[in-house]
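Read through the structure below, which is laid out as structure tokens, and then see the notes.
Residue numbers start from 1 in every chain, and the chains themselves are labelled A, B, ... in the order their sequence lines are given, proteins ahead of strands. Atom set for the values below is all heavy atoms of this structure, side chains included, hydrogens, waters and symmetry mates excluded.
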Amino acid sequence: MNKEVRTRFAPSPTGGLHLGGVRTALYSYLYAKKHAGTFVLRVEDTDQTRYVEGAEKYILDCLDWCGISPDESPLKSGPYAPYRQSERKPMYKQYALQLIENGHAYYAFDTPEDLEKMRTDLKSEKNPSPQYDHSTRMQMKNSLTLSAEEVNDLLAKNTPFVVRIKMPSNETISFTDMIRGEINNDSNLVDDKVLLKGDGMPTYHLAVVVDDYLMKITHAFRGEEWLPSAPVHIKLWDYLGWKNDMPQWAHLPLILKPDGNGKLSKRDGDRLGFPVFAMNWFDPKTNETTIGFKEIGFLPEAFINLLAMLGWHSGEEKELFSKDELISIFSMERVHKGGAKFDYEKAKWFNHEWVKTISDDRCMMLVKPILQAKGIVIKDDAYLLKVIGAVKDRCTLLNDFYTQSVYFFETPTSFDTDAIKPKWNEDKTAFFNELMSQCAASTNWNAVELETIFKELATAKNIKMGELQMPFRIMLVGGKFGPGVFEIAEMIGKESTFERVKMVLGML
RNA sequence: GCCGCGUUGGUCAAUCGGUUAAGACGCCUCCCUUUCACGGAGGAAUGACGAGUUCGAUUCUCGUACGUGGUACCA
């Protein structure tokens, strides 16, 4: 009775991998792993007109980055290969034929023009989108209205055709969704969906059912946008005689725009200034690159964590979960029914929390290439490690490490002198000159020593520390941020410190 | 239009008939810090609307409104 749990993520290789897609993959992965099952990736490339080169590899890369790699995929084959629907093309037709044989499907020879005509002729205010269904199919050109002879003749002449499902009349089609419970549909309202296209490729409807069956999928998770066509799939499982093997369905809520209405799209990200795709996506058709969560500086741990919390809740107050924790605590029953608006501020918060959590070593591995890409020369990893330890709490995104730590490596290119100019005077200039000469005389160069000299000198000169510390910070950092000034001075060294002090003194 | 699904603070959300309706993000105040963060302590802010069931509804039922998805030889 207890079958091995098998879940799948079945994206179309048509472009960047959307947040919602990653979440569907994540939930499928978590569910499979929780039940010691298998997570498979099946590429649904049945629409050759929308196929985009490189998209498949990209999707795999995204899943790898997220740490939710499939156990079976086009790249990591398994017992039910191939995992690309285009390569499974021959398998679908026999099932379409079987359906026709049993009277559950039929050939349709209508041309696009015929369909267009039917739709415009029947279109009315009451019915703005007429369907190819029980009420119209007998007026169309198909194997239901044509004689067997005519059909055979058309077939023999290689007339283009599609295969359509013959939806039953007056039937309530019901199924149980793991998230929403029982869902009922009136079969009269469902149209005769195309199962096999003119090019011989199956549509999604036939392909999911056939492949889920053949790949022994036990739990099928997908977006809520599939709910309306679920009755078609239910009937297909039934008509194909596989009813008892039908997976348990779960239709995930949508991820909505932060503002306005509708589901979150790539455009919203562009408009509002945040990523929507998991990783950078280069579109070969437009030659444009769309920024991804990875490249903008998210940690994969944070990314899956925030996605897990968008539409699911553990019931506890805790919000920060590692992948392993999610695996053990995740449950479909706690997934929400309603869509959730995406909140980038909260997303960043998750990342900030994770940045504070990861080890300095791991952080260094991640940050080093970012710094180097910006032209920073790192001679000493030990030094970088120290810098990271000093600025880590101040970085929300990995890319923040650049602004938070450049001045440890390079003399700032601009100094916020406006912040100190108004209150500047000769006494202060004298203070810094004297500070340098005293330090020059000392053999020690460390934060404690420097702070002591600094304070004593300030007292002697009768200048408030606050009046001096901020200028010192501006000299070393360039702006009003960063760790303790004396610590910074110690780290960048006596020479750099003097150089920067002199430089700014000259600007005042 | 029709059909499906949904609706707790600005956002994410807990609650599975009885609570002062959690918590988090964001926002505000204060403390820490003579910077910025981190950390700590507080604060403002919520059950779409209307009926019904019930001793009692945020919770159950129905209606309305609103949102959302679908209505393709796209997935």
Side-chain angles (χ1 to χ4, degrees), chain A residues 10-14 44-47 49-50 85 108 110-112 115 119 123-133 160-164 177 179-180 183-186 188-191 193-205 207-208 222-231 251 253-254 256 258-259 261-263 306 309-320 334 336-350 352-353 356 391-396 400 404 416 419 464-470 472-474 477 479-485 488:
Chain A
S12 291
T14 53
E44 309 227 333
D45 55 350
T46 53
D47 186 354
T49 62
R50 293 210 306 158
Q85 287 182 334
D110 317 273
T111 63
L115 294 174
R119 290 192 177 115
K123 189 170 177 172
S124 66
E125 207 157 294
K126 271 285 205 178
N127 184 11
S129 47
Q131 301 191 118
Y132 201 123
D133 60 15
F161 69 87
V162 300
V163 175
R164 285 180 182 272
D177 184 279
I179 299 168
R180 293 149 209 281
I183 292 177
N184 300 303
N185 282 89
D186 178 354
N188 289 336
L189 271 9
V190 183
D191 66 331
K193 286 263 183 291
V194 168
L195 264 23
L196 204 65
K197 300 189 266 191
D199 62 2
M201 276 289 194
T203 57
Y204 171 83
H205 305 103
V208 234
R222 66 205 327 186
E224 192 184 345
E225 67 270 26
W226 289 108
L227 216 36
S229 51
H251 291 86
L254 268 8
L256 278 10
D259 59 350
N261 318 114
K263 51 178 179 177
L306 74 93
M309 301 309 290
L310 203 59
W312 171 85
H313 194 279
S314 72
E316 300 169 30
E317 285 190 7
K318 186 174 157 147
E319 287 190 280
L320 264 15
R334 296 198 66 91
H336 277 249
K337 297 182 176 76
K341 287 185 179 172
F342 180 67
D343 181 357
Y344 189 53
E345 291 306 317
K346 182 92 187 214
K348 284 194 291 191
W349 174 79
F350 272 105
H352 196 176
E353 292 301 311
K356 286 187 285 178
V391 303
K392 213 171 154 192
D393 284 355
R394 282 157 247 265
C395 298
T396 297
D400 293 340
Q404 289 294 338
D416 185 9
K464 283 191 215 131
M465 275 291 278
E467 301 271 299
L468 261 13
Q469 235 178 91
M470 183 52 79
F472 194 33
R473 170 175 298 282
I474 301 285
V477 176
K480 293 191 264 189
F481 60 95
V485 256
I488 295 171

Indicate, with a heavy-atom threshold strictly under 4.0 Å, whether A/Arg180 touches base, sugar-phosphate, or nothing. sugar-phosphate
Tell me which nucleotide among B/G69, B/A75, B/C12 gets nearest to the side chain of A/Leu310. B/C12
Does A/Thr46 have a side-chain nitrogen or oxygen under 4.0 Å from the phosphate oxygens OP1 or OP2 of B/A75? yes
With a 4.0 Å limit, can you tell me whether A/Arg394 has a side-chain N or O closer than that to the phosphate oxygens OP1/OP2 of B/U33? no
Does the side chain of A/Lys356 get closer than 4.0 angstrom to OP1 or OP2 of B/G39 through an N or O atom? yes
For B/C73, does either OP1 or OP2 sit under 4.0 Å from a side-chain N or O belonging to A/Arg164? yes
Report yes if a side-chain nitrogen or oxygen of A/His336 is closer than 4.0 Å to either non-bridging phosphate oxygen (OP1 or OP2) of B/A14; otherwise report no. yes
Where along nucleotides 18-25 of chain B does protein come under 4.0 Å, by heavy atom, of base (B) or sugar-phosphate alone (S), with - for untouched nucleotides? ----SSBB
Where the side chain of A/Phe481 is concerned, which of B/U71, B/C36, B/G70 is the nearest nucleotide? B/C36
Reading RNA chain B from 5' onward, which residue's closest nucleotide shows up sooner: A/Pro483 or A/Gly198? A/Pro483
When Watson-Crick pairs (N1 to N3 and N6-O4 or O6-N4) and G-U wobble pairs (N1-O2 and O6-N3) count only below 3.5 Å on both distances, what is the dot-bracket string of RNA chain B, with | for other-strand pairs? (((((((..(((.....[....))).(((((.......)))))....(((((..]....))))))))))))....
Tell me which nucleotide among B/A14, B/A72, B/C5 gets nearest to the side chain of A/Ile183. B/C5
Considering only heavy side-chain atoms of A/Val194, the closest of B/G70, B/A75, B/C73 is B/C73
Can you tell me, in whole Å, how much space there is between the P of B/U20 and that of B/C30? 33 Å
